**Student:** 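Take a look at this one; I'll ask things after.
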Amino acid sequence: MKLKRDFYNRDTLIVAEELLGKTLVHNINGKVLKGKIVETEAYLGVIDKAAHSYGGKRTPRVEIMYGFPGRAYIYIIYGMYYLLNVVTKEEGIPEAVLIRGIQPLEGIGEMALNRYKKSLDELTKKQIINLTNGPGKLSKAMNLEKSLNGEDLCGDRLYIEEGSNNKFDIITDKRIGIDYAEEAKDFPFRFYIEGNKYVSKILKK
DNA sequence: CCCATGATGCCCT
DNA sequence: GGGCATCATGGGT
């Protein structure tokens with residue numbers, strides 16, 4: 001069952017948490033790529049120094065965040081990686097959830113080609129984990145790029161559907177890679193499935 | 001295990 | 001021109 005727009009039109013922290021265990025689907029070139037979402041981060045517009053929309057900043061790049069919920073916000077970071085976000089809340093409120101890790105479910109051979117230009121049986125165990133255990137990596141594996149920025153997740157190309165097993169414990173933690181964000185760097189806005197190998201980073205306590 | 005570094009391009013000031 | 005919601009690699013411990 002594909003998630004409907006109502007799912008995304010809610011509190012961003014709740015959406016971030018409830019996206020765990022759901023299945024990200026990308027239909028491309030007649031192939032189906034699927035992965036279970038295992039790690040997310042919430043970015044809360046106006047009050048959140050780590051968000052692109054902090055303080056109500058409105059530029060061409062972040063415009064999608066101000067739009068209606070249930071669309072993809074995909075941007076380039078460090079010149080070479082695409083990061084996938086899901087826009088939440090009603091039009092005018094610039095919030096989103098970053099997908100930071102997925103566990104491959106379908107089309108794994110295709111993901112191996114996308115990431116390493118090798119077939120799945122040529123990969124080491126470490127490379128298999130490395131297929132999708134990070135926001136830049138999963139975009140490469142799932143073939144997500146610039147042209148999908150603004151894509152409606154209530155359409156048929158890129159969407160999220162219900163998962164099958166929803167029994168897991170959730171860890172809440174600080175977000176990754178936002179040391180510049182002053183007090184916001186410690187906000188507990190990161191969520192992941194306890195024990196899952198495709199979580200990008202486990203912080204030691 | 002940890003830390004340092006380079007790659008590389010777009011956005012925004 | 002500075003900086004970035006990252007990753008791969010290479011060295012040390």
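Chain letters run A, B, ... following the sequence lines, proteins first, then strands; residues in each count from 1. On a predicted model such as this, the values are computed, not experimentally measured, just so you know.
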**Student:** Send over the distance from A:Tyr73 OH to B:dC10 C1', rounded to a whole Å.
**Tutor:**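 Spelled out: OH on A:Tyr73 to C1' on B:dC10 is 11 Å.
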
**Student:** Return yes if a side-chain donor-acceptor contact under 3.5 Å exists between A:Lys137 and A:Asn133, otherwise no.
**Tutor:**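 Yes.
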
**Student:** Round to the nearest Å and state the distance from A:Lys201 atom NZ to C:dA5 atom P.
**Tutor:**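 The answer, rounded to whole Å, is 13 Å.
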
**Student:** Rounding to a whole Å, what distance do you find between A:Gln127:CD and C:dC7:P?
**Tutor:**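 In whole Å, C:dC7 P lies 16 Å from A:Gln127 CD.
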
**Student:** Look at the side chain of A:Leu83 and decide which nucleotide, out of C:dC7, B:dC12, C:dA5, has an atom nearest to it.
**Tutor:**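 Selected nucleotide (nearest to the side chain): C:dA5.
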
**Student:** Check A:Arg175 with A:Glu41, please: is the shortest side-chain N to carboxylate O separation under 4.0 Å?
**Tutor:**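 Salt bridge absent between A:Glu41 and A:Arg175.
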
**Student:** With a cut-off of less than 4.0 Å, is there a side-chain N or O of A:Arg100 near OP1 or OP2 of C:dT6?
**Tutor:**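 Yes, A:Arg100 has a side-chain N/O under 4.0 Å of OP1/OP2 on C:dT6.
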
**Student:** Classify the nucleic acid contact of A:Gly79 as base, sugar-phosphate or nothing, counting any heavy atom under 4.0 Å across all strands shown.
**Tutor:**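 Base contact.
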
**Student:** What's the OH-C1' distance between A:Tyr82 and C:dA5, to the nearest Å?
**Tutor:**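 Nearest whole value for this atom pair: 16 Å.
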
**Student:** State whether the aromatic ring of A:Tyr81 stacks on the base of C:dT6, taking stacking to mean ring centres under 5.5 Å apart and ring planes under 30° to each other.
**Tutor:**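 No.
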
**Student:** Considering every strand and a 4.0 Å limit on heavy-atom distances, what is the contact class for A:Ile178: base, sugar-phosphate, or nothing?
**Tutor:**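 A:Ile178: backbone/sugar contact only, no base atoms under 4.0 Å.
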
**Student:** Of the candidate nucleotides B:dC12, C:dC7, C:dA5, which contains the atom at the shortest distance from the side chain of A:Tyr180?
**Tutor:**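 Side chain of A:Tyr180 sits closest to C:dA5.
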
**Student:** Do the side-chain N or O atoms of A:Lys137 get closer than 4.0 angstrom to the phosphate oxygens (OP1, OP2) of C:dA8?
**Tutor:**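 For C:dA8, OP1/OP2 do have a side-chain N/O of A:Lys137 under 4.0 Å.
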
**Student:** Look at the side-chain N and O atoms of A:Arg115 and state whether any lies under 4.0 Å from the OP1 or OP2 oxygen of C:dA8.
**Tutor:**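 Answer is yes, contact under 4.0 Å.
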
**Student:** For A:Tyr78 and B:dG9, do the ring centres fall under 5.5 Å apart while the planes stay under 30° apart?
**Tutor:**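 No.
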
**Student:** May I ask which nucleotide in the shown strands pairs with C:dA8, Watson-Crick or G-U wobble, both distances under 3.5 Å?
**Tutor:**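 By the stated definition (distances under 3.5 Å), B:dT5 pairs with C:dA8.
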
**Student:** Hey, which sits more toward the 5' end of DNA chain C by its nearest nucleotide, A:Ile76 or A:Asn133?
**Tutor:**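 Looking at DNA chain C, the more 5' nearest nucleotide goes with A:Ile76.
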
**Student:** Just how far, in rounded Å, is P of C:dC7 from OH of A:Tyr198?
**Tutor:**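 Between P of C:dC7 and OH of A:Tyr198: 15 Å.
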
**Student:** Under 4.0 Å between a Lys/Arg side-chain N and an Asp/Glu carboxylate O for A:Glu161 and A:Lys34?
**Tutor:**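 A salt bridge links A:Glu161 with A:Lys34.
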
**Student:** What is the distance from CE of A:Met80 to C1' of C:dA5, rounded to the nearest Å?
**Tutor:**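 Rounded to the whole Å, the gap is 15 Å.
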
